[in-house]
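Because the structure is predicted, anything quoted here is derived from the model rather than measured. Order of the sequence lines fixes the chain letters, A, B, ..., with proteins taken first and strands second; residue numbering starts at 1 for each chain.
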Amino acid sequence: MVVMTMAKALNAGLRRAMETDPAVLLIGEDIGKLGGVFRVTDGLQKDFGEARVVDAPLAESGIVGTAVGLAMRGYRPVVEIQFDGFVFPAFDQIVTQVAKFNARSEGRTPMPITIRIPYGGGIGAVEHHSESPEAYFAHTAGLRVISPSNAADAYLMVQQAIASADPVVFFEPKRRYWEKADVDVDADLADAPSPYRARVVRPGQHVTLACYGPMVRTCLEAATAAEHDGHDLEVIDLRSMSPLDVDTVAESVRRTGRLVVVHEAPVFLGMGAELAARITEACFYSLQAPVLRVGGYHSPYPPSKVEEDYLPDLDRVLDGVDRALAW
Amino acid sequence: MVVMTMAKALNAGLRRAMETDPAVLLIGEDIGKLGGVFRVTDGLQKDFGEARVVDAPLAESGIVGTAVGLAMRGYRPVVEIQFDGFVFPAFDQIVTQVAKFNARSEGRTPMPITIRIPYGGGIGAVEHHSESPEAYFAHTAGLRVISPSNAADAYLMVQQAIASADPVVFFEPKRRYWEKADVDVDADLADAPSPYRARVVRPGQHVTLACYGPMVRTCLEAATAAEHDGHDLEVIDLRSMSPLDVDTVAESVRRTGRLVVVHEAPVFLGMGAELAARITEACFYSLQAPVLRVGGYHSPYPPSKVEEDYLPDLDRVLDGVDRALAW
Amino acid sequence: MTADGGPELVQLLTPEGERVHHPEYDIDITPEELRALYRDLVLVRRVDLEATALQRQGELGLWAPLLGQEAAQIGSGRALRPGDYAFPTYREHGVAWTRGVAPLTLLGLFRGVTNGGWDPHDHNFALYTIVIGDQTLHAVGYAMGIQRDGTEDAVICYFGDGASSQGDVNESFVFASVFNAPVVFFCQNNQWAISAPLERQTQIPLYRRAAGFGFPGVRVDGNDVLAVLAVTRAALQRARDGAGPTLVEAFTYRMGAHTTSDDPTRYRVAAELEAWKLKDPIERVRVHLARGGLADHDFFDAVEAEAEQLAVELRAGCRKLESRGIDTIFEHVYAEPHPLVAKERAEAAAYHASFQSGATVGGGH
Amino acid sequence: MTADGGPELVQLLTPEGERVHHPEYDIDITPEELRALYRDLVLVRRVDLEATALQRQGELGLWAPLLGQEAAQIGSGRALRPGDYAFPTYREHGVAWTRGVAPLTLLGLFRGVTNGGWDPHDHNFALYTIVIGDQTLHAVGYAMGIQRDGTEDAVICYFGDGASSQGDVNESFVFASVFNAPVVFFCQNNQWAISAPLERQTQIPLYRRAAGFGFPGVRVDGNDVLAVLAVTRAALQRARDGAGPTLVEAFTYRMGAHTTSDDPTRYRVAAELEAWKLKDPIERVRVHLARGGLADHDFFDAVEAEAEQLAVELRAGCRKLESRGIDTIFEHVYAEPHPLVAKERAEAAAYHASFQSGATVGGGH
Ligand SMILES: Cc1ncc(C[n+]2csc(CCOP(=O)(O)OP(=O)(O)O)c2C)c(N)n1
Ligand SMILES: Cc1ncc(C[n+]2csc(CCOP(=O)(O)OP(=O)(O)O)c2C)c(N)n1
Ligand SMILES: [Mg+2]
Ligand SMILES: [Mg+2]
């Protein structure tokens, strides 16, 4: 066990994947000498060379599009998109090509590409640097979409994403990059839990909170705070948005009867919508209240001085819990 | 009243908008001499000239991006995207610029742009020509997303979209292009119902069907067929996906107690997810069954010989109805 | 822009079938090789015409004819070595032929039984790409892989004059140039992008685009199979030699409709078509072979007969092309198991079973 | 690539402050105009340094310094007429100055109180665009609007060397060329895109990109305010004359970090910076004015004092810049009423009111 930040854990995970499989190759903007704007790829170009850590021209579609070609040639490209808001120039290549290649080729040319995207707000950044675009990708068949909430998961999940025969959009909660956790750097990947399974990170009886990425810590803090009010909250880290582990949530909701889904992304057509629809179907007779959602508003991400009002925080989560309990 | 196809109604609507407002200008691929691959812009370049009906270079981002500049200069661009599957190269300009311009500029530079997209399947086309990408746009704050289901609505709604101060993504159900209806070509736009309000197109008591675009006719046919089984279905044409007229649907569900949402787009994070979440919250105690969804599978749109198995049809809608009733 | 391609046009065989020489590009070719090229040209045209006919008869949903572009495709395709890799659009039926993809295999996509149809790695021929320009980046990425593997292979990437306007195509020029990737960009300038004439994409000859990105461009008579072969070979060799990308603009003409859904009479004049008929890519090879005594009647008849036979087989085969049914929807969405796909697949199966078993739920209507 | 810009570099004022002549571009300029340019340069540098300082003190979340690019921005900005329209990136503080946007107004975005800050139409200066390259298409569209209006205005569009790789930028070249739009593409080649050196974007001088799209490109000494003024004026005149777009590559250097978040020591060597210091854009004007007796000590002192005053005001103003609070989130998502926004706004208001009223629901924690 080593205590390290999520950024360092991701760095270690990438390093291990590159050591394990010579086909793994990183491509992105400023990932070489600079080590990425968040230093997640720090030192990798120095150790693995420019052929395996490729500083790309400034063109996201070009980065993802060439990754497709590299994958066809037998490589396992790991793409870095510098910030959430800059993935859209690559949207066509991701949705039209990366996602559909396996189906179009009837399984002959899979796309083992990992697309790393630092996402979410709360770091006081300028426009386009704080968005949560995961629903666009989760709605897209052919992609897998996962997000770690802590350093230990980050270390394993990034390796699992790279090892996957399917394309994985890997969302990194940038405001948690500097949070530390115990990481078992020698863990065997084969023993690691599936990244597509949700995890109950705090058992509870009264209300279930489902969340992922940056909101897991927020929800855990909310659960602690709720103890004062005598509310025992169960917190589930979804970890994966596609596939969505409905079973784990349903099992919980059958016990608690109440579910609040929390994410930074806008509520309208966000992950909470899908979870609400599925849980209502799966737990229709157990639900004591409709599934409630706490998330971003139907608005472009606001200027940073206002982001506190935009992002779900402990109080807004508890407000959702109270509303669920008051139903 | 004139009987015309939806394609002709759209043509007439565009023509009237161009006559009414000299700032209206069309830009797209093959919309001039060819009149568009579906002939929706037939004859408009001849009558309004090349400056107002602009055959663009083959670049969707360029088309939408220049439309942004034209809008800043005071024009009201109407963009044609040739097929649903070709909107993704323009995704960045739509999501990052068109959708956010009004907010970023604090209302100083609105984006009165209409983006017309023929969408949906059922016409035996090759890949990328049958998709239903509306959820990507409805999830995006700053955009309005609407879709007519018939020629009469098409005529009015396209004019309303153009007249809107906000950007409107206007989805045209291509397999209904050739269906005819009575169109009141002299109707005053001011008297037309808001395009953002849903419409009960068939009243009923037992189950509510919510749908839009190409699925409205399918649902109406299903409702007729269901009469044989003694089921009286209410059919609601949502008409707008953003904003979503939850009130009209909720009013219906409070009476019927059951809702089935039908669309061609994949169910996972499709419009049905949002409607299910909202209706469950609005009608929690009225619902006799969870909101059920009938739609496309979590799969890229399949080759056309298989599309019948992919698309919701009368039988699949009725299967959904039966499941809702059997709950 | 000059309708005849201008003085920069590389030509080795005139429309009249005369062999001419070019200071920079030339080719040594045996009569046997010439006859093989002729055969290729005739066969792919026959395949193309048959597919068009099959579409008219309702056997295909759509067809994108290569009519007029045979030399551009055969000349470039035959310049490839087995280890090279080709990235097509949706119209490269002639290139597919040179890569050993059976014509029947091409029909699957247009008949709507598959979105792909062949194993790209069996032929070093990627799947058809419909979204304009996307494949150019794949080609460059593949070429970057070749660089890393250190092999002597090269990549050829096809796209149209219309595609030259797409962002992705220009990004592929940037990546190829900056990384010095072993790729040949082969642009078939057939003068039209559906109804948009070349002038809608560029004010200057397209091959000159390359210079702006720092690599050479060359305009070749796309209806001259010899010139295309020579120019493409040279460009591929340059790529192999580590000298980076080349843009080849094959100046040609789309003799048919854009696809069988298109009506070109709405946007182009008959005279243009007539002028291009005189530059037919097959006729000039036939005349050259016949006049030079390089082929006799028997040869021409044999090729004709082979073409006819191919067409008959294509027709028969096409009618038998069946989809894999509803499995097509679920089978390969992911390479690894995915619970949502599994769930929906099971639900669909149960739903269909409900009809067969005569159950009434949902099946009575 | 030549570090000094090579022989194609248009220069009218050497780093040593010597006026030189250029066969194609020259400029008639009065001492008064020269002094005005000097003042501009000094003031925008002072604003920039102050903003950097404000960021360090926590008053701004971020700042993108223009340090070193003053001449490129002032020279091009001062070439504009009032009716012209400029489309910036996020670094055009000097251009903003020439368009009459108060420096304080620029800080709002970097302080996080707004995503915009000024009325584009008040200044004919579009909002800052952060997503690389997007604005180039807006500029061309705006220029197409000018064409339709038949006015004599022109558009200038700013972007960086890194941006030149983006698909959108190249599409903007296509549209501008094909429609002959009255637009000047002004690329500040400051040699770096964050940590990526120019070589990562192109193998050849950037100005040559234009030729591939059929319009002229010119490389100007971006640290020479006179040359930039002359070259940009000529390009704008060309646009007004209906002769179409021009690409101006201003060869300059980013003297500071990419932004205040960046650490350039990780990727570039100090010697490079030292070499460029000798080419400072302000120093050469000062020397030229002083040596030629075109300005005296009083003038220089006055400009210094004005700069200092501006900095003081900026600092004071910055601290007072406040967001409009939670209204910012809901107010302008749409221009017309939208029920979902209205609903969420009401819910947010009720939620906040619950704290104020001392209610316990959700507020007790
Ligand atoms: C991104 C995208 N936009 C639009 C289309 C529709 N479309 C299909 S082919 C075509 C014209 C292509 O012209 P060109 O590149 O010259 O190739 P050609 O068809 O002439 O071989 C268009 C606009 C598409 N397939 N993809
Ligand atoms: C589409 C997109 N990708 C990535 C970024 C992150 N980013 C911001 S500035 C920058 C470098 C820009 O370089 P250049 O165009 O040379 O302009 P400069 O900053 O040097 O003025 C990058 C990669 C972005 N803003 N937008
Ligand atoms: Mg073409
Ligand atoms: Mg730069």
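- No other option in C:Ala211, C:Ser177, C:Ala210, C:Gly217 has as many heavy-atom pairs under 4.5 Å with chain D as C:Ser177.
- Listed in order of number, the residues of residues 148-173 of chain C that approach chain D to under 4.5 Å between heavy atoms are C:Ser165, C:Gln166, C:Gly167, C:Asn170, C:Glu171.
- Although no hydrogens or angles enter the test, the distance criterion places a donor-acceptor pair under 3.5 Å between the side chain of C:Arg209 and the main chain of D:Gly212.
- For C:Gln203 against D:Val178, the heavy-atom pair with the smallest separation is NE2-O, 3.5 Å.
- Using a 4.5 Å cut-off between heavy atoms, D:Arg200 contacts chain C through both its backbone and its side chain.
- C:Arg238 is linked by a side chain to side chain donor-acceptor pair (under 3.5 Å) to C:Thr246, counting only residues two or more places apart in sequence or in another chain.
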